[in-house]
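Just below is one structure, and these are the notes that go with it.
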Amino acid sequence: MRLEDKLYLDGYKIDEIGGSHLVIKDMSVCLDCELQQCLYVCPCGVYDFDAKRGEIEVNYDACLECGTCRIACQYNNIEWRYPRGGFGVSYKFG
Amino acid sequence: MSNLKYDVIVVGAGPAGLAAATVLAKAGVKVIVIERGRFAGSKNVMGGVFYSDCMKGIIDDFPGKAPVERHIIDQRIWLLDNNSFVGFNHKNELFNKKPYNCHTVFRAKFDNWFAKQAADAGALIITRTLAKEAIIENNRIVGITTGRPDGDIKADCVIIADGVNSLLAKSLGFRKEIKRESVALAVKEVIGLDEKIINDRFNVKSGEGVTIEVTGSFFNGEAMAFIYTNKKSISLGVGMVVEDLVKNKINPNDLLESFKAHPSVAPLINGGETKEYLAHLIPEGGYKEMPKLIGNGVMVVGDAAMMVDAIHREGSNLAVTSGKLAAETYIEAAKAGDFSKKSLSLYEEKLKESFVMKDLKKYKGVPALLQHNKRLLQQYPKILNNAAFEILNVNGVSKHDKEKLLWKNMKQQIGVSNLIRDLFKLWRNVG
Ligand SMILES: Cc1cc2nc3c(=O)[nH]c(=O)nc-3n(C[C@H](O)[C@H](O)[C@H](O)COP(=O)(O)OP(=O)(O)OC[C@H]3O[C@@H](n4cnc5c(N)ncnc54)[C@H](O)[C@@H]3O)c2cc1C
Ligand code: SF4
Ligand code: SF4
């Protein structure tokens, strides 16, 4: 089963006004980052390398708010917050 | 909400916060619970096996009408290799006697129910609200700011129950960022299946449940997986320490898919339909990585305080118990009207006397043992699986020769002195 199809099953309320709760602090740090582990440790594929723009893209609307990317980044380069109250994932089962 | 003064603010409506709120409300304390999710439980994930005993003194006649799935009568452990597993199994009719030892639960449903019990007892539960920062006056925590307009709330005491990421404990300087070795990411699926099919596949009757804990060489000794039965679904997941995910360049969803495809696992979920995909951290650093638990006007409970006994998959019961003890501490402190750190140190004392601290202390060496002795869960499961196959596979070689060969392999792969050392370490840390 593809990841996109799994994420489709989850209930989200996206914060269009508040915007992303995940912000990369300094993109130049990412470009020098040896492993770029945020690209693979995230269970939802939130971080994606955009080759055209030469930047990491943050698809925050797929985030399950686990916190792994924040802890995994050795440069502490992710400004990590929770979405505003009531936004983000809402599990049916849990 | 503004300008309102409460006796206690609880941040987070998980089992720790809700246990605290229920005990406080029942004692007539004015308590407010702040939860960021749309409803209590909407952000929460566990395997999940919930142990009943911790609810004593909090909810009478638990489980009563609580939304539980199956009571567990059969617990299995698998040491998984690529094509096989060696298993250990304990099924006991005593687990079919009420009150049941434990049940599988869905946290979105369970926490929502628990929040209703707290509300019925008199607690105010405010959802869709993010607690931001502690309000500090005269070196004392006197309240919380929230994401709402005019959202400052004041109280005598704040109970921090905001879970594993505990941004609050971090911002108060109670701990630094969690270490990568001290936390595991778990991903899970809820897979819908017909009730009768589950009963047949797991050899139980309706209402009865099975848990399977899985580790071993299939995961290179670096992951723990689980398969739990619900009424009409299977909860299946796999967890790995973040340090190992990073180092081995593992994608958690790929790991989950490889587990689902294992020849011992696939038949159990065959024909099932995935209903939900979930991800959550588990604090596994244990006793040595616990943060500060108290300050002036504040106590930290549950996952926020790293209270998980990972080898026994116990967390929610430690959360509930710590929440209850924090509530009891507040009630004592209120008699003297003293919520200073010194007065709240009663919470630490109560924890020390309870199974929570005793167990966390007893297994304090386990996280490091498993992190630095990968051999334990890499090589031994493989050797066991090979041994089982060799002994059971009849191919004309005498049993005597087979045993000799197995022992020779063991000596080559591990070495006798390592074997003795490993057994000693295991006995010291786990026994
Ligand atoms: C995959 C998995 C399997 C597990 N299996 C088991 C098991 O089988 N048995 C077991 O006993 N334990 C298990 N655990 C552990 C168990 O889930 C935890 O120990 C338990 O949930 C801890 O409860 P808690 O109340 O401390 O934290 P949580 O349940 O995490 O609750 C914290 C609450 O705080 C809220 N919150 C966080 N920050 C804020 C904020 N700033 N403002 C407002 N609200 C906030 C969250 O939304 C959440 O509702 C498992 C954990 C995982 C991840
Ligand atoms: S791990 Fe951190 S520094 Fe490296 S690419 Fe990701 S965000 Fe950037
Ligand atoms: S918090 Fe978890 S799900 Fe969200 S981006 Fe980070 S790793 Fe991915």
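Per chain, numbering begins at 1; letters A, B, ... match sequence-line order.
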Heavy-atom distances under 4.5 Å only: say whether B:Val183 touches chain A with side chain, backbone, both or neither. side chain
Distance check, rounded to the nearest 0.5 Å: A:Cys66 atom SG versus B:Leu278 atom CG? 11.5 Å
Residue A:Cys42 versus chain B: region with a heavy atom under 4.5 Å: backbone
At a heavy-atom separation under 4.5 Å, does B:Phe110 approach chain A through its side chain, its backbone, both, or neither? neither
List for me each residue that meets ring pair (Phe, Tyr, Trp, His ring centres under 6.0 Å) alongside A:Phe93, sequence neighbours excluded, and say none if there are none. B:Phe106
Answer key: most heavy-atom pairs under 4.5 Å with chain A among B:Leu255, B:Leu256, B:Val45 is B:Val45
Between B:Ile250 and chain A, which part of the residue has a heavy atom less than 4.5 Å away: side chain, backbone, both or neither? backbone
Under 4.5 Å between any side-chain heavy atoms of A:Val41 and B:Val242, yes or no? no
side-chain contact (heavy atoms from CB on, under 4.5 Å) with B:Pro252: which residues, sequence neighbours excluded? A:Pro43, B:Leu185, B:Val187, B:Leu245
Determine the option with the most heavy-atom pairs under 4.5 angstrom with chain B, choosing from A:Val89, A:Leu64, A:Ile71, A:Leu7. A:Ile71
Side chain, backbone, both or neither: which part of B:Val246 has a non-hydrogen atom closer than 4.5 Å to chain A? both
When the 4.5 angstrom heavy-atom criterion is applied to B:Met240 and chain A, the contacting part is neither
What would the table of donor-acceptor pairs between chain B and chain A look like if you include every N and O pair under 3.5 Å, whether backbone or side chain?
unit_1, atom_1, unit_2, atom_2, d
B:Arg36, O, A:Gly86, N, 2.7
B:Arg36, NH1, A:Glu65, OE1, 2.8
B:Arg36, NH2, A:Glu65, OE1, 3.0
B:Ser42, O, A:Tyr91, N, 2.8
B:Lys43, NZ, A:Glu65, OE1, 3.0
B:Lys43, NZ, A:Glu65, OE2, 3.2
B:Lys43, NZ, A:Phe87, O, 2.7
B:Lys43, NZ, A:Val89, O, 2.8
B:Arg107, N, A:Phe93, O, 3.3
B:Ala108, N, A:Phe93, O, 2.8
B:Asn165, OD1, A:Arg70, NH1, 3.0
B:Asn165, OD1, A:Arg70, NH2, 2.8
B:Asn165, ND2, A:Cys66, O, 2.9
B:Glu177, OE1, A:Arg70, NH2, 3.2
B:Glu177, OE2, A:Arg70, NE, 2.7
B:Arg180, NE, A:Ala72, O, 3.3
B:Arg180, NH2, A:Ala72, O, 2.9
B:Lys188, NZ, A:Gly94, O, 3.1
B:Glu189, OE2, A:Lys6, NZ, 2.5
B:Val246, O, A:Tyr40, OH, 2.6
B:Asn251, ND2, A:Tyr40, O, 3.0
B:Asn253, OD1, A:Lys6, NZ, 2.5
B:Glu257, OE2, A:Lys6, NZ, 2.6
B:Glu276, OE1, A:Phe93, N, 2.9
B:Glu276, OE1, A:Gly94, N, 3.1
B:Glu276, OE2, A:Lys92, N, 2.6
B:Tyr277, N, A:Asp10, OD1, 3.1
B:Tyr277, OH, A:Pro43, O, 2.7
B:Ala279, N, A:Tyr91, OH, 3.3

Using a cut-off of under 4.5 Å on heavy-atom pairs, state which of B:Ala186, B:Gly48, B:Ala279, B:Gly147 scores highest against chain A. B:Ala279
Hits for side-chain contact (heavy atoms from CB on, under 4.5 Å) against B:Ala305, two or more places apart or cross-chain, chain-then-number order -> B:Pro291, B:Leu293, B:Val300, B:Met307
